[in-house]
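For ligands, and for the atoms within them, numbers begin at 1 and follow the listed sequence. Every heavy atom of this structure was used, including side-chain atoms; hydrogens, water molecules and symmetry mates were not.
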Amino acid sequence: MNVYKFGGASVKDAEGVKNLFKIINTQRENLIIVVSAMGKMTDALEVLCNSYFGKTGNIAEVFQRIQDFHQQIIRDLFGSADSEVNARVEALYQELDTILKSDPSLCYDYEYDRIICFGELLSTTIIAAYLEKQGRKAKFTDIRKCLITDQNYRNACVDIELSAQLCRKTFNFQDTFMYITQGFIAGTTTNQTTTLGREGSDYTAALLANLLDAEDVTIWKDVPGIMNADPKIYENTEIISKLSYKEAIELSNCGAKVIHPKTIKPLQNKGIPLFVRSFLYPESHGSVIRELDEKLKLPPIYINKGDQLLLTLSPRDFSFIAEEKLSRIFATLAKYRLRLNLMQNSAITFSFCIDYNEAIFESFIDELHDEYEVLYNKNVRLLTIRHYNEDIIQQLTSHKNVLVEQRSRLTARFVVADN
Ligand SMILES: Nc1ncnc2c1ncn2[C@@H]1O[C@H](COP(=O)(O)OP(=O)(O)O)[C@@H](O)[C@H]1O
Ligand SMILES: N[C@@H](CC(=O)OP(=O)(O)O)C(=O)O
């Protein structure tokens, strides 16, 4: 059995859906198709959720834009005559409308998950109907019934044992050899919707592959494979055709957007290969991530993580930054769900980089202020160079304002202020 994952970029319009059909149509093995929301629909649903929760009043307008986007794709795929797909999609709009007309609870994260899931529910409903129309029926499966998580809304943690049982029952391949299901979303034992963290559909594909012992996973992207840098930012990038799991974990963890960081572990645990291939050139092999015996000679790989906040804390009482202080700083980071992207300490300072988040910036700093003098730089970027050499460091950092620098045997990291 294989798992294919199609992200938002691959199904951003009717042409994308037709292309998905062409790709899966060549497949002869048992297959699970995992799909994300179409195009930028998760961003649009976030705006809708914020309007609903903050009662800002333009709910109807945003909701209409979301419906118009999907209706255009439906018209392009089915013409105006297909009433069945329209009925299914209309039922989803109704369900969402009912939520939007009720008063929100006090829990933003709960409201977020029950609204944001409609991106994936709409995309899989439309694509399932299109595949059926083309004569390649894929069984529509609501992942929320079998991928079970705790109630940590927006960043839920999967109950592996229960999900394994339920997923094996659901994806049993007895009456079909193809399923279509949603990435990113999941459910609780009490039928609440949860999500696995933004861009978590790659992770869903890896989880399903692990739970069902898939042969391999392919994620279809708008790039030829894993490149030595983001081809949308840098020129003259080259494809890396083979990578070890360990290397892939390091890259995604440093911010290489091409794979979600949580994706690799479930695959590594079962030795399942991950292919990253281009949906634009499906005949090309792309990249494969797997257990590798040989030591690969890799070119310098560089990752640019923008919109970072660099903070430097110095205790007001001039005491040392020791374990107790660090553990309190970590607890504050965990409270705000902030992930450390880089850290460095001296006797009386602790510096770290996190993703900048306007919504919590002030209260986070306020919380640290009593105990520390807090200095910060907004709008910096974190540049990571794996397998570095002096030439590439020179090329990427010369004439730049480097605020922090760290080097280990394989990795060099720089916090850079561009202005
Ligand atoms: N090293 C890299 N190799 C390839 N793509 C990369 C790399 N680093 C960042 N990217 C970016 O990742 C994007 C694909 O990931 P993403 O947009 O999350 O896909 P999707 O949402 O379709 O799953 C590419 O368009 C590219 O800009
Ligand atoms: N739609 C979700 C999940 C996801 O993984 O999407 P994509 O595969 O398009 O990155 C998001 O945008 O966060």
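With Y179 as the fixed residue, the ring pair (Phe, Tyr, Trp, His ring centres under 6.0 Å) test singles out one of F140, F171, Y4: F171.
Ligand 2 is approached by G200 to a heavy-atom distance shorter than 4.0 Å. Contact annotation: S36 has no heavy atom less than 4.0 Å from any atom of ligand 1. Not a single heavy atom of P224 sits closer than 4.0 Å to an atom of ligand 1. Ligand 1 is approached by K5 to a heavy-atom distance shorter than 4.0 Å.
The contact set between ligand 2 and K5, taken as ligand atoms under 4.0 Å from a residue heavy atom, comprises 8 (O). Listed by atom number, the atoms of ligand 2 under 4.0 Å from T42 heavy atoms are 1 (N), 2 (C), 11 (C), 12 (O). The atoms of ligand 1 that sit less than 4.0 Å from any heavy atom of V223 are 4 (C), 5 (N), 24 (C), 25 (O), 26 (C). In the vicinity of A9, heavy-atom distances shorter than 4.0 Å reach the ligand 1 atoms 22 (O). Of all atoms in ligand 2, numbered sequentially from 1 with element shown, those under 4.0 Å from a heavy atom of F184 are 2 (C), 3 (C). Residue contact check: G7 has heavy atoms under 4.0 Å from atoms 8 (O), 9 (O) of ligand 2.
In terms of polar-atom proximity, D222 is counted as a contact of ligand 1, with an N or O under 3.5 Å from an N or O of the ligand. Between K221 and ligand 1, an N or O atom pair is found at a separation short of 3.5 Å. Of the N or O atoms in E199, none lie within a sub-3.5 Å distance of an N or O in ligand 1. Any N or O atom pair closer than 3.5 Å counts here, and D230 shares at least one such pair with ligand 1. An N or O contact shorter than 3.5 Å is missing between N228 and ligand 1 by distance. An N or O contact shorter than 3.5 Å links M227 to ligand 1 by distance.
Looking only at atom types and distance, the side chain of R413 has no donor-acceptor partner in the side chain of N341 under 3.5 Å away. Between the side chains of S36 and S201, at least one donor-acceptor pair of N or O atoms lies under 3.5 Å. For T195 and D113, the side-chain atoms include at least one donor-acceptor pair closer than 3.5 Å. Between the side chains of Q192 and Y153, no donor N or O sits under 3.5 Å from an acceptor N or O. A donor-acceptor contact under 3.5 angstrom links the side chains of Y336 and E367, judged on distance only. Checked by atom type, the side-chain pair N58/S51 shows a donor-acceptor distance below 3.5 Å.
More than 12 non-hydrogen atoms from other residues, nucleotides or ligands lie less than 6.0 angstrom from NZ of K270. With a 6.0 Å radius and a threshold of 12 heavy atoms from other residues, nucleotides or ligands, F330 has its CZ atom above the threshold.
Under the 30°/60° scheme for interplanar angles, the aromatic rings of H260 and Y203 are found to lie parallel. Using the six-membered ring where Trp is involved, F6 and W220 have ring planes that are parallel, under 30° apart on the 30 and 60° scheme.
In this structure, the ring of Y234 has its center less than 6.0 angstrom from the ring center of Y302.
When hydrogens are left out, the protein atom nearest atom 6 (C) of ligand 1 is V258 CB, 3.5 Å; that is the closest non-hydrogen contact. Nearest protein heavy-atom contact of atom 10 (O) of ligand 2 is E199 CG, 3.5 Å. Distance from atom 4 (C) of ligand 1 to its nearest protein heavy atom, with residue and atom name: G225 O, 3.4 Å. Of all protein heavy atoms, the one closest to atom 12 (O) of ligand 2 is R198 NH2, 3.0 Å. Closest to atom 7 (P) of ligand 2 among all protein heavy atoms lies S36 OG, 3.5 Å. Considering only non-hydrogen protein atoms, atom 21 (O) of ligand 1 sits nearest to G8 N, 4.0 Å. With respect to atom 17 (O) of ligand 1, the closest heavy atom belonging to the protein is K257 NZ, 3.5 Å. The protein heavy atom nearest to atom 9 (O) of ligand 2 is G8 N, 2.8 Å.
Using a 4.0 Å cut-off between heavy atoms, P231 contacts ligand 1 through its side chain alone, with no backbone atom that close. At a 4.0 Å heavy-atom cut-off, ligand 2 touches E120 through the side chain alone.
At distances below 3.5 Å, not a single donor-acceptor pair connects side-chain atoms of N155 with backbone N or O atoms of G197.
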**OP:** Go through the steps for K221 and D202 under the test salt bridge (charged side-chain N to carboxylate O under 4.0 Å, His left out), then give the verdict.
**Re:** CA-CA 11 Å; K221 297 271 175 183; D202 293 348; 3.4 Å; yes

Subject >> Evaluation steps, side chain to side chain donor-acceptor pair (under 3.5 Å), between T149 and T194 >> reply: CA-CA 7 Å; T149 68; T194 53; 2.8 Å; yes

